[in-house]
Amino acid sequence: MKFHNKIGVLAYHGDVIEHITTANEAFQNLSLSVQIQEVRTKKDLGIDGLIIPGGESTVLHKLSRREGIFELMKQIPFIFGTCAGAIMLAKKIYHKTSGQKTLQLMDIEVDRNAYGRQTDSFEKKVHTTLGDIQAVFIRAPRIITIGKNVKVLARDADNIIACEEKCDENLYIAASFHPELTTTLFHEYFFRRIYQR
Ligand code: GLN
């Protein structure tokens, strides 16, 4: 694969800045000469991988479709989705709004807003295969089932809160919480899987 040395962050709304800051910190920690590309339109798509931030999955769907990149995103080989971004990756979602579509790249089923309303948001310490972290859940989805090729990266009690799926050369990582707010571990892991194979 020929690298562009650019990682995209879908930049319509949500915690875009937080992902950019954390990604840049992770590049530094890994000594990678990689740049962040804010992705809004087709011209932004010369990237090695994409981060889809939290926000509202309905908005992410609508705006990416309006800009003509919804279908094109399905061809990006490495995608890391957090919260609404995890919803975007799922094959099947529950409690979707009418007409809401996802990229359907990962063999996971996700229930939107399953932890309750915005005011039911919370944070807690969790174990992950990458280390212990503080996990922030903001009107989070629940990953309710995963396919046999999906590997769990973190659980909170019985709930899977982070997982990954490798399909041929492609890799997708989903987290129902917001790692970009508290840790560089997930970004570093994602970038290592792309650039240090
Ligand atoms: N509730 C949002 C959705 O359904 C996700 C929340 C978030 O990304 N923090 O898309």
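As the structure lists them, so they are numbered: ligands from 1, and atoms in each ligand from 1.
Atoms of ligand 1 found under 4.0 Å from any heavy atom of Gly54, numbered from 1 in the order shown, are 8 (O). Atoms of ligand 1 found under 4.0 Å from any heavy atom of Cys83, numbered from 1 in the order shown, are 5 (C), 6 (C), 7 (C), 8 (O), 9 (N). Close contacts between ligand 1 and Ile87 involve ligand atoms 3 (C), 4 (O), 10 (O) [criterion: under 4.0 Å to a heavy atom].
Residue His178 has at least one N or O atom closer than 3.5 Å to an N or O atom of ligand 1. Residue Pro141 places no N or O, backbone or side chain, under 3.5 Å from any N or O of ligand 1. Backbone and side-chain nitrogen or oxygen atoms of Ile138 are examined, and one is located within less than 3.5 angstrom of a nitrogen or oxygen of ligand 1.
Protein heavy atom nearest atom 5 (C) of ligand 1, with residue, atom name and distance: Gly55 O, 3.4 Å. Scanning the protein heavy atoms around atom 1 (N) of ligand 1, the nearest turns out to be Asn113 OD1, 2.6 Å. Here the heavy atom of the protein found nearest to atom 4 (O) of ligand 1 is Arg112 NE, 2.7 Å.
Salt-bridge formation is not detected for the pair Glu56/Lys62: no Lys NZ or Arg NE/NH1/NH2 atom is positioned less than 4.0 Å from an Asp or Glu carboxylate oxygen.
With hydrogens and angles ignored, the 3.5 Å screen pairs no side-chain donor or acceptor of Arg142 with any backbone N or O of Asp111.
Ring-plane geometry between Phe186 and Phe80 is classed as parallel, the angle between the planes falling under 30 degrees on a 0 to 90 degree scale with a further cut at 60.
Residues Asp15 and His178 have side chains that bring a donor and an acceptor to within less than 3.5 angstrom of each other. There is no side-chain donor-acceptor pair under 3.5 Å between Glu67 and Tyr12.
Applying the ring-ring contact (aromatic ring centres under 6.0 Å, His included) test to Phe27 and every residue at least two apart in sequence or in another chain returns Phe191.
Ile87 and Phe177 are not part of a single hydrophobic cluster, where members link through side-chain heavy atoms under 4.5 Å apart.
For atom 3 (C) of ligand 1, the candidate residues are Ser176, Ser57, Gly14; the nearest heavy-atom contact is made by Ser57.
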